[in-house]
Student: 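Could you have a look at this structure, given as structure tokens, before my questions?
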Amino acid sequence: MKIIAINGSHRKGKNTAALLNTVLEEAATLGAETELLELTDYNIKLCLSCNKCLGKTQCSITDDDMAGIGEKMLAADGIVLGSPVYWANVTTLMKNFMDRTRYMHAVKNMLSGKVGAAVTNAGLMHGGQEWTVQIMEYFMQAQGLHVVDTRDQNGPILDSGVHGSLMAGIKDGKVAWWRSAVDNELNVTACKQLARNMSKLITQLSTK
Ligand SMILES: Cc1cc2nc3c(=O)[nH]c(=O)nc-3n(C[C@H](O)[C@H](O)[C@H](O)COP(=O)(O)O)c2cc1C
């Protein structure tokens, strides 16, 4: 079982990466081979909207790193997308990455049948996390992935993907902040449950 995470944060190794690593670490304890891809490490040119991908399963842009990322996605059983909230949306890096995967979707859904999940982190408590997760989940559904969330019949009440926040609340009239998204046990619990749900579905699909 191979699970990769793709981080759209413009800051490598920060909160979104920490949440994604929490998912991957839990997946590894369940036997998964894991890898975190930081999009900031890759040269991904803008989609040209040339529409050549409507006729063939290859992007017309070949002099950048997108094909290599696509190979890793095709080799994975599970894909976790992570993006911080930027203006109640995914980051520019994540959106550009999504645009460039159209060659895996336009002729046929090459990622169909894989398992997907979404993770976000925002500064504010209600800073657009739900929209951001929905945007990533919609993208994966359109690509034919089975999207899992953090629901667990026997565990704490969680719901959709991971909706991290750095805002911890108000204390003595002042906003209190988490130092890191993974200092909040709620986020860690959600990330671990996401990994368990992914692993369970991947196993179920592979034994069908
Ligand atoms: C351009 C930009 C836009 C942002 N927009 C929002 C926003 O709409 N809502 C919010 O709560 N936080 C917003 N933030 C804060 C980030 O979501 C937050 O700092 C997050 O932890 C960054 O993820 P990272 O630590 O992985 O880089 C924004 C940050 C940047 C740089």
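All ligand and atom numbering here is 1-based and tracks the order in the structure.
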Student: Are Asn184 and Arg179 close enough that a side-chain donor and a side-chain acceptor fall under 3.5 Å?
Tutor: no

Student: Closer than 3.5 angstrom, by distance alone: can the side chain of Asn197 be matched with the main-chain N or O of Arg151 as a donor-acceptor pair?
Tutor: yes

Student: Say whether, by atom type as modelled, one donor and one acceptor occur between the side chain of Thr34 and the main chain of Ile4 under 3.5 angstrom.
Tutor: no

Student: Starting from atom 3 (C) of ligand 1, which protein heavy atom do you reach first, and at what distance in Å?
Tutor: Tyr86 CA, 3.4 Å

Student: Would you mind checking which non-hydrogen protein atom is closest to atom 23 (O) of ligand 1, with the distance to 0.1 Å?
Tutor: Pro84 CB, 3.2 Å

Student: Report the part of Ser9 (side chain from C-beta onward, or backbone N, CA, C, O) that has a heavy atom under 4.0 Å from ligand 1; answer both or neither where that applies.
Tutor: side chain

Student: Would you say the side-chain atoms of Glu137 pair up with the backbone N or O of Thr132, donor to acceptor, closer than 3.5 Å?
Tutor: no

Student: Looking only at distance, does Gly128 have an N or O less than 3.5 Å from an N or O of ligand 1?
Tutor: no

Student: Please confirm whether Gly127 comes within less than 3.5 Å of ligand 1 when only nitrogen or oxygen atoms on both sides are compared.
Tutor: yes

Student: Take atom CH2 of Trp131 as the centre, draw a 6.0 Å sphere, and report whether it contains more than 12 heavy atoms from other residues, nucleotides or ligands.
Tutor: no

Student: Kindly state each residue pair satisfying ring pair (Phe, Tyr, Trp, His ring centres under 6.0 Å) with at least one member in residues 8-38, sequence neighbours excluded.
Tutor: His10-Tyr86

Student: I want to confirm something. Looking only at heavy atoms, which of Val119, Thr16, Val85, Leu20 is nearest to atom 28 (C) of ligand 1?
Tutor: Val85

Student: Where the closest heavy atom to atom 8 (O) of ligand 1 is concerned, which of Ala17, Ala88, Ala122 has it?
Tutor: Ala88

Student: May I ask you to check whether Leu166 has an N/O atom sitting below 3.5 Å from an N/O atom of ligand 1?
Tutor: no

Student: Quick one about Gln143 and Ser112 (side-chain donor to acceptor, distance below 3.5 Å, no hydrogens or angles considered), yes or no?
Tutor: no

Student: Considering distance alone, does some N or O of Lys14 sit under 3.5 Å from an N or O of ligand 1?
Tutor: no

Student: Salt bridge check: are Asp77 and Lys114 linked by an N-O gap of less than 4.0 Å?
Tutor: no

Student: Could you work out, for atom 25 (O) of ligand 1, the closest of Gln129, Arg11, His10 by heavy-atom distance?
Tutor: Arg11

Student: Provide, to 0.1 Å, the distance between atom 5 (N) of ligand 1 and the closest protein heavy atom, together with that atom's residue and name.
Tutor: Trp87 N, 2.8 Å

Student: How close does the nearest protein non-hydrogen atom get to atom 11 (O) of ligand 1, and which residue and atom is it?
Tutor: Leu124 N, 2.8 Å

Student: Nearest non-hydrogen atom to atom 10 (C) of ligand 1 belongs to which of Ser165, Gly123, Ala181?
Tutor: Gly123

Student: Indicate yes or no for a side-chain donor-acceptor contact from Asp99 to the backbone of Cys47 under 3.5 Å, with no hydrogens or angles considered.
Tutor: no

Student: Identify, for atom 21 (O) of ligand 1, the protein heavy atom at the shortest distance, and state residue, atom and that distance.
Tutor: Asn121 ND2, 2.9 Å

